[in-house]
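The structure under discussion appears below in the form of structure tokens.
Just so it is clear, the structure is predicted and the values come from calculations on it, not from any experiment. Quick note: numbers below take in every heavy atom, side chains included, and nothing from hydrogens, waters or symmetry partners. The sequence lines fix the lettering, A, B, ..., with proteins before strands; numbering per chain opens at 1.
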Number of protein chains: 2
Amino acid sequence: MLRVAFKLAYFGWNYHGSQYQPHVPTVDGELFRAFERMGINARERRYRTAGRTDAGVSALGNVFALDLDTFDPWMVRVLNSHLPEDITVWAYRVVDDDFDPRRNAVSRLYQYVMLDEGYDVETMDEAARMLVGKHDFSGFAKNCRPCVREIYVSKVEKDGELLIYTVEGNAFAWNMVRKIVTALKIAGREKSPEIVERVLSGEQIPLTPASPYGLILKDVRYSFDFEVEEKGLATLRERIAENFRKFAQLYGVFRILSDF
Amino acid sequence: MLRVAFKLAYFGWNYHGSQYQPHVPTVDGELFRAFERMGINARERRYRTAGRTDAGVSALGNVFALDLDTFDPWMVRVLNSHLPEDITVWAYRVVDDDFDPRRNAVSRLYQYVMLDEGYDVETMDEAARMLVGKHDFSGFAKNCRPCVREIYVSKVEKDGELLIYTVEGNAFAWNMVRKIVTALKIAGREKSPEIVERVLSGEQIPLTPASPYGLILKDVRYSFDFEVEEKGLATLRERIAENFRKFAQLYGVFRILSDF
């Protein structure tokens, strides 16, 4: 028996999240179906994932692991041939028998993209940087109390008409990144970074999670590197380029329509 | 009996084009269903549209007309309440009994948005301007020979990372705008506007229509103005703003992923 970990990219808007649910399309569900076509019942193979993502959220480097009788890098190609166009496996690693992609992760890196709707970007960045360090994030989480996490990087940058929030930490609670983004937007709108301190210090401030479409789980990092599967990576890059063109067009269409 | 014309906006990516086809979602099909819920069989009411658009193409100001027993602006609200979120009627006009939205149109205005993938924009604009005037466009059309149309405006402008092609003419043949865009891309890539002249002069150059997602039928113009239905217009503006945010995010997500 071999335990193998895989790096997984997916575009999330067609899925009800990554975690398996019967009767609705999920990323896990598509993976289970693809493995089934290869004669492998993933669910009976200690299938584990590094991070659960919500409906609409995309990933470049989520990770899952399962036990296999044999493994050859060719399996990645076969797996991709059975997966839909918006899910691509692009790297792998044979790991220790007790490997758990969630527990063994050293850090998670997320990015969140949003339209700059007149925010004060410096204030947002200042507010973002207040999150660096070890804090109780229960005010930014759902059903997590206490909720101590350590954040290594947290910053906001302007990129043309868009703002990008980058956050890396040891672990994230449910809805945490999207609730942080909502707090940063409030900070940027009110030109006051204070809201972050208030939430961190335990004040009850309701934060509706920001729209999922802007969120990417960019990477889950371990104490080792993965082997890239070149065909999978090439396919992923083509799919990214195609979607980039399409969404640039739809964004442009709505920018034109917004002037109306 | 009253003949009434309506201005119609729709986001095209969920539809197999505007023209009615059984068994697949079309813009006409949704309109027929909405009228049906109001007890009106649109197909028996001399239903006509100004412009047929392909699958994926959006419109801000397409026009349809039909005969009604009575008309009150309130009908627009009822109609919108029966239409899906990506189709909105926002203006109307009681017209002459013999009004035909296609035949009576004075001009059509289209815009096409594309990603600037390193094109020579000046050359593209030069090539675009060669189309102004009366020409036989059969080389840019499908099943239209001869295919004389008059173009009033044809220009390419840069807008950040995007390019916008604007074209207004008396009428357009099937696939014409998207084939012109393909020719303009070739001109911009090869830094030579010549291809436009060659196609216009009858040389057989195969032109695959450019992706439909960037195309908007922005307006169909007549010798009269429409009355705006304020509630419909407000709804349309909200829907545009919401989609603008969403597609700005998805565009940003893929811009980030493109760096990978």
Side-chain angles (χ1 to χ4, degrees), chain A residues 7 9-13 56-61 88 90 109-117 157 159-166 181 210-219 228 233 236-260, chain B residues 7 9-13 56-61 88 90 109-117 157 159-166 181 210-219 228 233 236-260:
Chain A
K7 281 250 180 196
Y10 48 85
F11 313 146
W13 61 85
V57 175
S58 296
L60 180 62
T88 319
W90 59 273
L109 172 65
Y110 283 94
Q111 287 194 309
Y112 189 92
V113 186
M114 68 202 104
L115 200 57
D116 181 3
E117 299 182 279
E157 288 158 307
D159 180 7
E161 263 193 299
L162 303 174
L163 298 180
I164 300 173
Y165 173 54
T166 302
V181 168
S211 150
Y213 300 111
L215 186 58
I216 322 169
L217 173 51
K218 230 184 152 188
D219 204 8
V228 168
L233 183 63
L236 174 60
R237 285 198 167 128
E238 268 167 45
R239 290 168 174 179
I240 288 170
E242 197 179 301
N243 278 281
F244 180 46
R245 260 182 240 115
K246 175 179 170 179
F247 288 115
Q249 291 191 295
L250 289 174
Y251 160 70
V253 160
F254 282 97
R255 199 164 65 185
I256 285 178
L257 295 179
S258 293
D259 287 339
F260 164 64
Chain B
K7 280 250 179 196
Y10 48 86
F11 313 147
W13 60 86
V57 176
S58 295
L60 179 61
T88 318
W90 60 272
L109 172 65
Y110 283 93
Q111 288 193 308
Y112 189 91
V113 186
M114 68 202 104
L115 200 56
D116 181 2
E117 301 181 277
E157 290 157 304
D159 181 7
E161 263 192 299
L162 303 174
L163 298 180
I164 298 173
Y165 173 54
T166 302
V181 168
S211 150
Y213 300 112
L215 187 58
I216 322 170
L217 173 51
K218 230 183 152 189
D219 204 7
V228 168
L233 182 64
L236 175 60
R237 287 199 165 127
E238 267 166 47
R239 289 168 174 177
I240 288 170
E242 197 179 302
N243 278 282
F244 180 46
R245 261 180 240 117
K246 175 178 170 178
F247 288 115
Q249 290 191 295
L250 290 173
Y251 160 70
V253 160
F254 281 96
R255 198 163 67 186
I256 285 178
L257 295 179
S258 293
D259 286 339
F260 164 62

Closest-packed option against chain B by number of heavy-atom pairs under 4.5 Å, given A/L233, A/L215, A/L115: A/L115

CG-CG distance between B/L257 and A/L236, expressed to the nearest 0.5 angstrom: 7.5 Å

Heavy atoms only, distances under 4.5 angstrom: which of A/F244, A/F247, A/W13 has the most pairs with chain B? Name it, please. A/F244

Would you mind reporting whether B/S211 and A/R245 have side-chain heavy atoms less than 4.5 Å apart? no

Taking all atoms of both residues into account, what is the closest heavy-atom pair of B/A210 and B/Y112, and its distance? CB-OH, 3.4 Å

Apply side-chain contact (heavy atoms from CB on, under 4.5 Å) to B/D159 and list each qualifying residue two or more places apart in sequence or on a separate chain. A/R255, B/I164

Can you tell me which portion of A/L162 sits under 4.5 Å from chain B's heavy atoms? Options are side chain, backbone, both or neither. side chain

For B/I216, which atoms come within 4.5 Å of any heavy atom of chain A: side chain, backbone, both, or neither? side chain

Just verifying a value: how many Å separate A/L109 CG and A/L60 CG, rounded to the nearest 0.5 Å? 9.5 Å

Please identify, among B/R237, B/M114, B/K246, the residue contributing the most non-hydrogen atom pairs under 4.5 Å to chain A. B/K246

